[in-house]
Amino acid sequence: MLIKRMREWELPERLVTPESVFLNRRAFMAAAGASAAIAGTGGFAGITGARAEEADPSADLYPAARNEMYKVDRPISEEQYNLTYNNFYEFGSHKKIYKAAQELQIRPWEIKIDGEVEKEFTIGIDDLIRKVTLEERVYRHRCVEAWSMTIPWTGFPMNKLLELAKPLSSAKYVRMETFHNPSVAGGQKGNWYPWPYAEGLTIEEAANELTLLVTGAYGKPAAKQLGAPLRLHVPWKYGFKSIKSIVRFEFTSERPTSFWEQLQASEYGFWANVNPNVPHRRWSQANERVMGDPTYERSWETVPTLMFNGYGEHVAHLYKGLENEALYM
Ligand SMILES: Nc1nc2c(c(=O)[nH]1)N[C@H]1C(S)=C(S)[C@@H](COP(=O)(O)O)O[C@H]1N2
Ligand SMILES: [Mo]
């Protein structure tokens with residue numbers, strides 16, 4: 001008997017939200033958005049981040065073809081839930097920041113590539129998007145606060161950005177930075193945070209096939225509260241690594257200090273790989289509450305958290321020889 005060992009992200013099709021359900025919902029949401037715009041309430045448009053007067057120049061690239069390599073064993077989180085339950089401290093230190101985030105202007109949007117690269121340069125988001133091929137990938141997202149969602153991202157492998165950036169061999173890390181503009185992002189007026197938000201990966205992590213630079217979600221350009229026009233998603237790490245609204249990639253030989261690490265290094269480290277066996281200083285990481293999924297949410301059910309959030313087969317090798325580091329916080 002031939003037994004094909006399934007990779008953890010290749011779980012059976014029947015466990016994924018049926019495409020038809022997803023597409024029907026997408027059609028429904030689009031219709032709801034259109035009627036809100038017509039009614040001039042702005043209510044729904046305020047949630048999606050799609051204002052009538054701001055046509056997204058990349059809209060023609062959506063929906064991108066789904067990469068069927070990446071499957072998960074959970075239904076896709078409800079879009080409306082995902083769009084109204086967010087961490088984006090630039091707009092407030094609570095989950096209901098979606099309205100405030102609509103103030104962010106996402107065009108023009110310049111991205112700086114600098115540090116230890118062959119040649120530093122700046123590129124507009126639309127030039128960048130047209131140099132790569134967008135694809136859709138359904139990924140698990142696990143916040144360090146012990147909740148999770150399952151999201152159909154659109155984006156491109158970060159490896160493509162490395163090809164464009166041409167880091168020197170001396171560059172061991174890439175440091176990423178979010179915009180800094182306290183006049184639109186009220187949270188940035190609070191000087192008790194080390195703005196701008198920053199994160200970092202090793203070059204090997206950035207080059208891993210799973211590491212995705214995200215431009216969209218749910219088959220369209222990303223809503224502002226999700227970190228438009230360009231954010232990271234590293235699905236085997238706690239959510240805070242997945243920096244939003246990136247304006248700079250700096251290549252460096254020194255390990256960067258990230259936003260949360262600077263605030264509280266004893267609780268939020270550089271590596272932050274998901275591990276159910278290593279508790280946070282103040283709570284267990286053994287389980288997670290599945291958000292935006294009616295089945296789980298109604299019952300307030302939690303499910304066990306998986307090592308490397310279920311992506312160990314792809315990434316465990318990155319940490320060989322680093323056993324003495326704080327890999328899991
Ligand atoms: N710039 C920036 N990026 C950020 C954050 C933030 O506050 N600011 N929060 C992080 C955290 S803690 C999580 S869980 C995810 C949340 O992404 P989501 O709102 O799309 O679920 O974004 C991450 N990226
Ligand atoms: Mo998070």
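As the structure lists them, so they are numbered: ligands from 1, and atoms in each ligand from 1.
For the atom pair OH of Tyr218 and CD of Glu78, the computed distance is 8.0 Å after rounding to the nearest 0.5 Å. Rounded to the nearest 0.5 angstrom, Phe121 CZ and Ile113 CD1 are separated by 4.5 Å. Taken to the nearest 0.5 Å, the CD atom of Glu177 stands 10.5 Å off from the CD1 atom of Ile246.
Between the side chains of Asn309 and Tyr238, not a single donor N or O lies within less than 3.5 Å of an accepting N or O. Using a 3.5 Å distance cut-off with no hydrogens or angles, the side chains of Gln285 and Thr305 do not pair a donor with an acceptor.
Checked against a 3.5 angstrom limit, the closest N/O atoms of Tyr85 and ligand 1 fall outside it. Inclusion of Trp153 in the set of residues having an N or O under 3.5 Å from an N or O of ligand 1 is not warranted. Looking at ligand 1, you'll find an N or O of Ser242 within less than 3.5 Å of one of its N or O atoms. Taking any N or O of Asn86, backbone or side chain, at least one lies under 3.5 Å from an N or O belonging to ligand 1. At a 3.5 angstrom cut-off on N or O pairs, Asn82 does not count as close to ligand 1.
Shown in contact with Cys143 at under 4.0 Å from a heavy atom are these atoms of ligand 1, numbered in order with element: 14 (S). Here is the list of ligand 1 atoms found below 4.0 Å of a heavy atom in Ile243: 3 (N), 24 (N). Which parts of ligand 1 touch Phe88 is read off a 4.0 Å heavy-atom cut-off, strictly below it: atoms 1 (N), 6 (C), 7 (O), 8 (N). Distances below 4.0 Å separate heavy atoms of Phe240 from the following atoms of ligand 1: 10 (C), 11 (C), 12 (S). Each of the following atoms of ligand 1 lies closer than 4.0 Å to a heavy atom of Thr178: 1 (N). Counting atoms of ligand 1 from 1 in the listed order, those under 4.0 Å from a heavy atom of Leu226 are 20 (O).
Taking the ring axis of Tyr85 as reference, the NZ or CZ atom of Lys95 stays within 45° of it and closer than 6.0 Å to the ring centre. A cation-pi arrangement is present between Lys241 and Phe270 under the rule of less than 6.0 angstrom and at most 45 degrees off the ring axis.
The protein heavy atom nearest to atom 7 (O) of ligand 1 is Tyr89 N, 2.7 Å. Atom 8 (N) of ligand 1 has Glu90 OE1, 2.8 Å as its closest protein atom, hydrogens excluded (heavy atom only). Here the protein heavy atom with the shortest distance to atom 3 (N) of ligand 1 is Lys244 N, 3.1 Å. Of the protein's non-hydrogen atoms, the one nearest atom 12 (S) of ligand 1 is Asn87 ND2, 3.5 Å. Counting protein heavy atoms only, atom 20 (O) of ligand 1 is closest to Arg231 NH1, 2.7 Å. The protein heavy-atom contact nearest to atom 6 (C) of ligand 1 is Tyr197 CE1, 3.3 Å. At the top of the distance list for atom 14 (S) of ligand 1, counting protein heavy atoms only, stands His141 NE2, 3.4 Å.
Side-chain N or O atoms of Asn208 include one that pairs as donor or acceptor with a backbone N or O of His314 at under 3.5 Å. Proximity of a side-chain donor or acceptor of Lys237 to a complementary backbone N or O of Tyr328 within less than 3.5 Å is not detected.
Side-chain contact between Tyr197 and Ser245 is absent, with no heavy-atom pair separated by less than 4.5 Å.
Across all non-hydrogen atoms, the minimal contact from Ser258 to Glu199 is CB-OE2, 3.2 Å.
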